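Notes to accompany the following structure.
Being a predicted model, the structure only gives us computed values, none of them experimental.
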Amino acid sequence: MPDPLFPNETDAGNNPFACAEAIRVAASRPGVQPVKLSEDGHAVWPTTWPLSLRRSPIGLSCLMAPLVPLYETNATPVLAPGQESEALKALFQAVKAQKGLPQVIVAHSMVAEGPIWEALQALHANRTITLTSLTSWERSILLRSTAADGESYLAQSLSGSSRKRQRAKRRTLENEGPLALRIHQSQEDVQAGYEAFLALEASGWKDKSGTALRQHPQDALYCQAMLVSLASVERAFVATLSMGERIIAAGLFLRVGGEVTFWKTAYDEAISKESPGVIFDIMLTEHFFEQPWFTLLDSASDDTVDPAGLIWKQRRRMARVVIDLQPGSWQGKATIAGYKIRNHLKVLRNRFISR
């Protein structure tokens with residue numbers, strides 16, 4: 001029977017962080033304590049939900065997903081289709097049975113729609129668990145099924161005036177050098193694309209604000225290991241947009257089957273008036289519609305991003321949740337209160353900074 005920490009499945013649902021290669025990379029990161037769950041000596045299956053022992057904002061021990069909170073955009077478990085309720089019950093029972101484990105699970109960026117979400121809500125309704133949504137938001141996505149090709153999709157998602165402006169900006173850039181979209185797929189090519197991404201990201205505001213990956217070596221190494229490892233099984237790639245010899249936009253992508261996650265992006269801020277990031281998104285849209293395997297692009301935006309500002313007009317509901325396996329316990333209530341206080345303090349800090 002497969003090990004739920006290092007599963008052998010070929011499909012990780014719509015969660016690129018739940019495949020075996022991604023779990024191994026995350027588990028090797030300092031400070032990550034993955035939890036292996038078993039029930040009566042057998043691995044809990046068909047559930048793949050990488051959980052790590054961590055502490056809540058008020059210091060209480062809890063189980064958290066994803067394994068690495070930084071840049072991980074999906075904390076949804078992977079369950080056998082049609083067996084979502086049974087698999088979740090087995091997993092929750094295993095947590096309860098394993099001595100010493102916290103009975104509270106915190107899941108960041110969970111997909112709040114579809115059969116898994118419905119199964120969680122049903123378990124909440126019959127008081128098997130308490131499911132509390134801390135934050136909910138809509139994420140911009142691109143669904144291939146909404147258009148016949150890239151051109152018709154862009155005609156639907158962008159107004160005529162917007163498309164005209166973007167064509168004019170594209171011509172302005174092409175006067176400086178031909179535009180070329182390149183997809184880096186092999187491990188060696190992904191490494192080269194990643195280095196280009198790091199350099200581009202560090203050339204803009206993220207460097208000044210101290211959030212560029214190059215300024216955080218452990219984070220940079222983690223992202224590099226994820227991309228290179230996943231590229232070996234066709235689960236990751238890097239895309240770059242060049243203007244002649246100059247790279248003006250880049251993105252890191254994770255893939256599960258036909259679904260692509262836009263993990264991180266950067267663009268050349270020196271030419272921001274010509275919207276290189278938007279042109280990059282338009283050319284990516286055209287590229288993806290040409291791929292027979294492609295079904296969906298997830299922008300991976302969090303609750304701070306207005307989806308209306310992106311060119312992809314379909315939506316995916318997301319939520320940050322606390323799951324109390326002992327409904328109404330003081331640990332669950334305290335964890336929820338701690339996150340609410342932290343969120344309130346973040347709002348106050350942002351208001352102060354914006355003044």
Side-chain angles (χ1 to χ4, degrees), residues 71 73 137-144 146-147 149-184 193-194 196-209 211-214 237-253 260-291 294 296-316 354:
Y71 309 131
T73 60
W137 70 98
E138 287 193 332
R139 176 180 283 177
S140 173
I141 64 172
L142 158 61
L143 280 173
R144 185 197 187 111
T146 57
D149 51 41
E151 183 179 354
S152 56
Y153 181 86
L154 292 167
Q156 295 172 14
S157 63
L158 296 173
S159 66
S161 58
S162 294
R163 291 164 64 205
K164 184 177 179 180
R165 283 195 302 272
Q166 293 306 320
R167 284 195 295 267
K169 291 180 178 182
R170 186 165 175 170
R171 286 193 296 270
T172 299
L173 293 177
E174 287 173 334
N175 288 335
E176 299 296 321
L179 296 183
L181 180 70
R182 180 180 176 186
I183 307 298
H184 306 252
Y194 181 59
F197 170 86
L198 290 178
L200 184 61
E201 184 188 51
S203 69
W205 68 268
K206 290 184 180 180
D207 181 69
K208 299 181 180 65
S209 66
T211 59
L213 270 174
R214 273 191 171 175
F237 58 91
V238 177
T240 56
L241 175 62
S242 59
M243 181 178 66
E245 298 297 317
R246 175 180 173 183
I247 292 179
I248 60 173
L252 312 179
F253 295 85
V260 176
T261 297
F262 201 148
W263 198 18
K264 284 182 70 64
T265 187
Y267 65 89
D268 190 335
E269 294 176 24
I271 54 171
S272 59
K273 287 179 62 177
E274 306 309 328
S275 305
V278 177
I279 293 172
F280 183 46
D281 291 347
I282 289 173
M283 294 180 71
L284 282 169
T285 299
E286 294 168 341
H287 167 78
F288 286 134
F289 267 96
E290 294 171 356
Q291 310 311 307
F294 173 74
L296 183 150
L297 172 67
D298 188 330
S299 68
S301 56
D302 62 18
D303 55 329
T304 66
V305 177
D306 182 358
L310 299 176
I311 69 170
W312 306 301
K313 301 307 180 185
Q314 290 72 54
R315 300 289 181 261
R316 169 175 274 176
S354 64

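Between Ser140 and Gln314, every side-chain heavy-atom pair lies at or beyond the 4.5 Å cut-off. Between Ser275 and Gln166, some side-chain heavy-atom pair lies under the 4.5 Å cut-off. Two residues are said to be in side-chain contact when any heavy atoms from C-beta on lie closer than 4.5 Å; Ile247 and Asp268 fail this criterion. Under the 4.5 Å side-chain criterion, counting only non-hydrogen atoms from C-beta, Ile248 is in contact with Leu179. Between Glu286 and Leu154, some side-chain heavy-atom pair lies under the 4.5 Å cut-off. At a threshold of 4.5 Å between non-hydrogen side-chain atoms, the residues Leu296 and Arg316 count as touching. When side chains are defined from C-beta on, Met243 does not count as touching Ile279, because their heavy atoms never get closer than 4.5 Å.
Atom CH2 of Trp263 and atom OG1 of Thr73 lie 8.5 Å apart (nearest 0.5 Å). If you take CG on Leu198 and CG on Leu213, they are separated by 6.0 Å, rounding to the nearest 0.5 Å. Taking CG of Leu310 as the start and CG of Leu142 as the end, the distance is 11.5 Å to the nearest 0.5 Å. Atom-to-atom distance recorded for Leu143:CG and Lys313:NZ is 14.0 Å, nearest 0.5 angstrom.
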Worked verdict on Phe262 versus Phe253 for side chain to side chain contact (heavy atoms under 4.5 Å, CB included): CA-CA 5 Å; Phe262 201 148; Phe253 295 85; 3.5 Å; yes
Derivation and outcome, side chain to side chain contact (heavy atoms under 4.5 Å, CB included), residues Ile282 and Leu158: CA-CA 10 Å; Ile282 289 173; Leu158 296 173; 4.0 Å; yes
Derivation and outcome, side chain to side chain contact (heavy atoms under 4.5 Å, CB included), residues Phe280 and Thr240: CA-CA 8 Å; Phe280 183 46; Thr240 56; 6.0 Å; no
Criterion side chain to side chain contact (heavy atoms under 4.5 Å, CB included) on Phe237 and Val260, from CA distance to verdict: CA-CA 10 Å; Phe237 58 91; Val260 176; 3.9 Å; yes
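Note: Phe288 and Phe294 have parallel aromatic rings, judged against thresholds of 30 and 60 degrees for the angle between ring planes.
Checked by atom type and distance alone, the side chain of Trp205 never pairs as donor or acceptor with a backbone atom of Glu269 at under 3.5 Å. Judged purely by atom type and a 3.5 angstrom limit, Glu176 has no side-chain atom pairing as donor or acceptor with the backbone of Thr172. Side chain of Lys206 to backbone of Ser203: no donor-acceptor contact under 3.5 angstrom is found. With hydrogens and angles ignored, the 3.5 Å screen pairs no side-chain donor or acceptor of Glu274 with any backbone N or O of Leu173. Judged by distance alone, with hydrogens and angles left aside, the side-chain atoms of Arg144 form a donor-acceptor pair with the main-chain N or O of Phe289 at under 3.5 Å.
In this structure, Ile183 and Ala239 approach most closely via the heavy-atom pair CD1-CB, 3.8 Å. The two atoms that bring Ile311 and Ser157 nearest to each other are O-CB, 3.1 Å, heavy atoms only.
Counting non-hydrogen atoms of other residues, nucleotides and ligands closer than 6.0 Å to CD of Glu151 gives a total of 12 or fewer.
One side chain, Ser152 or Asp149, offers a donor N or O that lies under 3.5 Å from an acceptor on the other. Side-chain atoms of Thr285 and Trp312 form a donor-acceptor pair, as typed in the model, at a separation below 3.5 Å.
Using a cut-off of 4.0 Å between Lys/Arg side-chain N and Asp/Glu carboxylate O, Lys264 and Glu201 are scored as salt-bridged.
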